[in-house]
Protein chains: 2
Amino acid sequence: MARQQHAEAAGAHLGGTIRRTVLASGLRVVSEDVPGSSTFSVGFFVGVGSRHESEHLHGASHFLEHVLFKGTRRRGPEEISAAIEQVGGDLNAYTAKEHTCFYARVLAEDAPVACEVITDMLTASLVRADDLESEREVILEEIAMHADEPGEVAADLVAERLFAGHPLARSVIGSRASIGAITREQVVGFWKRHYRPSSLVVAAAGRVDHDALVGQLSVFDQLPPQPAARVQQAPSRRHESGVGVVRRPTEQCTVSMAFPGFSTFDDRRYPLGLLAAVLGGGMSSRLFVEVRERRGLAYTIDAAETAWSDAGLFSVDWQCARERVEQIAGLVRDELAAVARNGISPDELARAKSQLRGQTVLGYEGPGARMSRLGTAELVGDTRTIAELLDRYDAVTGEQVTALARELFGSAPYLAVVGPAPDRRRLQALLRGWGSAAAPAA
Amino acid sequence: MARQQHAEAAGAHLGGTIRRTVLASGLRVVSEDVPGSSTFSVGFFVGVGSRHESEHLHGASHFLEHVLFKGTRRRGPEEISAAIEQVGGDLNAYTAKEHTCFYARVLAEDAPVACEVITDMLTASLVRADDLESEREVILEEIAMHADEPGEVAADLVAERLFAGHPLARSVIGSRASIGAITREQVVGFWKRHYRPSSLVVAAAGRVDHDALVGQLSVFDQLPPQPAARVQQAPSRRHESGVGVVRRPTEQCTVSMAFPGFSTFDDRRYPLGLLAAVLGGGMSSRLFVEVRERRGLAYTIDAAETAWSDAGLFSVDWQCARERVEQIAGLVRDELAAVARNGISPDELARAKSQLRGQTVLGYEGPGARMSRLGTAELVGDTRTIAELLDRYDAVTGEQVTALARELFGSAPYLAVVGPAPDRRRLQALLRGWGSAAAPAA
């Protein structure tokens, strides 16, 4: 059954033993046995998300994820969750642009139950018409909930503009129209087409018996292996500038200033990660100090980068009163221009590296985080260990950070504002003046 | 310096060694050294929160918490956070109704830095007038953010009505008026009055050197011990019924159906915890199954209890379209009436106990959760170990759960709705019919 299996000595950097197995069906299993752990976290990662949907199937991945909780040949919907919850565990799922994940966390002795229940959902769900209709209503409620969350609305608007014309531009959740129109046949077809063993990664961490885990997954060998679905490539990086406003009668505006970033394997992500830390990675970061500490203009402000297999973005995000949007946007522009012009100090660079190293070790303390990293990395064929990633960050020079900042901030960003509408003209004028403010000093 | 010190063998139930020390100043130190851990979580818990504020100082605890990040005799505001962030750690704080907590999480070798920085903030802050003004602006932004979060608004409304006339009724964050009016002298006075060693608990978990930790805290011995501040007792449990609506132009309504609950040490919290699990503790719970699984009326619904030192509450919470508020409220009423009339099955009781046990072990896996439990329990003199709590839950009978449900649900609840206003009269009619629906069968 197992055609490849090896222990990874490099797993030692975080204390666990990492093992990887590829089944005859193509299903990949990767696990980390963490000494001293008494719990078991497992995730079934399927390589399908909103970017793989055609326009009339917008939201199908997420709809399907919901429907797979509604009952199998063996279990009613209540029995699915009850099987995990009655041992005190959690069972849940999420859908992203490039993958869907079903996950559970249980005491180590309940590992077989967790794996069996998720396997059952993924392979033997009934997708009854009644259940589908009831779940359609739930998703319409979720769409309404989503519309009430300004941060989600701003993120959708940014994706819509930075990836215009490409499936990455569409939201994960779908629209009222698309969710209203999707049929049972389409959902089942989507499931059969995309939930193939060769697109599936099972990742586990905590107290893990790797061989027993692999043995439990043999049921997937019975499914016919199918070729991978085609993926539409993202358009090349573009500088979509401008101001987008979604009016909401809220007290505050939620603002996202976004720049096109880099894809998962792009080496520029190393200087970008350090730049994001210096600019907006915590309470001692440049933007937090300028906007909140020195001026008290906002409760918080941060900067972060996101990467997909062939595209990415970098954004600075904050919430503030309507009358402060322009002032803060101006301060952010000046700060980004300053870093593009003058770079960062050796001391800032050293602190950012130390910060990233500590955050990484702290961030992977729990089995859930380790499982998640193992699964998402395996899914896209990312074989870099965390130790390797940290070494790459350590090797970044100040010049590389400056060069990256010039490339990234040389053109005006896209500014998404959700809330009581600010003065759009003044914001547009601010963006028009971008080039001169961000230009390197003569 | 240390006048009492002992190792608690009972710490073994979760794998760590718990030690407790009371310093001459009255400051209590409690720690759990977790084998295999390489991180250190520490929290400084001060026994003061919004319930200790007089009306004109509404929000002072939270304002003070913010201001203590603004600089000490030794450090500027950026140096406070930078000291922790440059080693990759987190430093933050929160304020609740009964306590304020400053906490950090770092790699184990950075434990001394984390403790020293927080000690510096709590004992040597400057509270400069300029910084106070800038932070006042930040809190006004936070109040606006809070007003945009329907769940927070609903929770405030529930507290306002269930604890009317008592400081527990007031929000933690304060009002625009109270925050606008508080002076520097008041903030400093509040700090000096409430941040006394005898009101302070330092809790740590992870890789902890207890003796070194105690040694680091000797600076608090220099502060004069002072008597504890008086606490106004909560009014006796009352059945405040009715419908409260805060209009918000959101897509969904956020609803909280609330009943008066029990204080921290009330033994009825054991059956209440099991009842909350059966009714709304996950996807296999009665309310989730009735409202979402069977009918698709809401994305989620849950039930939870909260306890303070002399009062508590139990609430069922959900979000839904305006036109479904009444239907869901009716379903919830019927389900609560059914449990008051017929109790829960032996199988449900057994599953709830197993669920609570598993959740507890899983919930205390990380050092952060252990630190938090140690600190909050020590602060109120709760000496029960987690193993003892689980034993108490295990001993609950079905009859006790039924009796509790009858007591709790015998009178109509308070219903808080935030969002597009539903038909208030129909909701009031639903509450008026409560008694007959919830009455035990003849």
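Bear in mind that the values here come from a model prediction, so they are computed numbers and not experimental data. The chains referred to below are lettered A, B, ... by the order of the sequence lines, with proteins before strands, and numbering in each begins at 1.
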Inset, instruction - For the residue pair A:E65 and A:T95, confirm or rule out a side-chain donor-acceptor distance under 3.5 Å. - result: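 Yes, side-chain donor-acceptor contact under 3.5 Å.
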Legend entry - Donor on one side chain, acceptor on other, A:H62 and A:E142, under 3.5 Å: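 Yes, a side-chain donor-acceptor pair sits under 3.5 Å.
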By a 4.5 Å heavy-atom criterion (distance strictly below it), what part of [X] contacts chain B: side chain, backbone, both, or neither?
{"X": "A:L297", "value": "backbone"}
{"X": "A:R324", "value": "side chain"}
{"X": "A:L356", "value": "neither"}
{"X": "A:E135", "value": "side chain"}
{"X": "A:R357", "value": "neither"}
{"X": "A:A298", "value": "backbone"}

Select, from [options], the one with the greatest count of heavy-atom pairs under 4.5 Å involving chain B.
{"options": "A:R292, A:E133, A:Q359", "value": "A:R292"}
{"options": "A:Q252, A:E137, A:R248", "value": "A:Q252"}
{"options": "A:M145, A:H66, A:K353, A:K70", "value": "A:M145"}
{"options": "A:G363, A:P249, A:G36, A:A147", "value": "A:P249"}
{"options": "A:D110, A:I84, A:V87, A:L91", "value": "A:V87"}
{"options": "A:R136, A:E149, A:M283", "value": "A:M283"}

Inset, instruction - Count the heavy-atom pairs under 4.5 Å between each of B:C320, B:G89, B:S38, B:P77 and chain A, then report the option with the highest count. - result: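 That would be B:C320.
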Legend entry - Spatial distance of atom CD (A:E141) from atom CH2 (B:W318) [nearest 0.5 Å]: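 Here the rounded value is 12.5 Å.
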Inset, instruction - Can you measure from CG (B:L68) to CE (B:M121) and round to the nearest 0.5 angstrom? - result: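 It comes to 6.0 Å.
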Legend entry - Pairs where residues 76-93 of chain A contributes a residue and the test salt bridge (Lys or Arg N to Asp or Glu O under 4.0 Å) is met, not counting sequence neighbours: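 For residues 76-93 of chain A: A:E78-B:R294.
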Would you confirm whether [X], through its side chain, and [Y], through its main-chain N or O, come within 3.5 Å as a donor-acceptor pair?
{"X": "B:T254", "Y": "B:P150", "answer": "no"}
{"X": "B:R105", "Y": "A:L362", "answer": "yes"}
{"X": "A:R247", "Y": "A:G419", "answer": "no"}

Inset, instruction - Work out which heavy atom in B:F40 is nearest to a heavy atom in B:R207; give both atom names and the distance. - result: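 Smallest interatomic distance, heavy atoms only, reads CD1-O, 3.7 Å.
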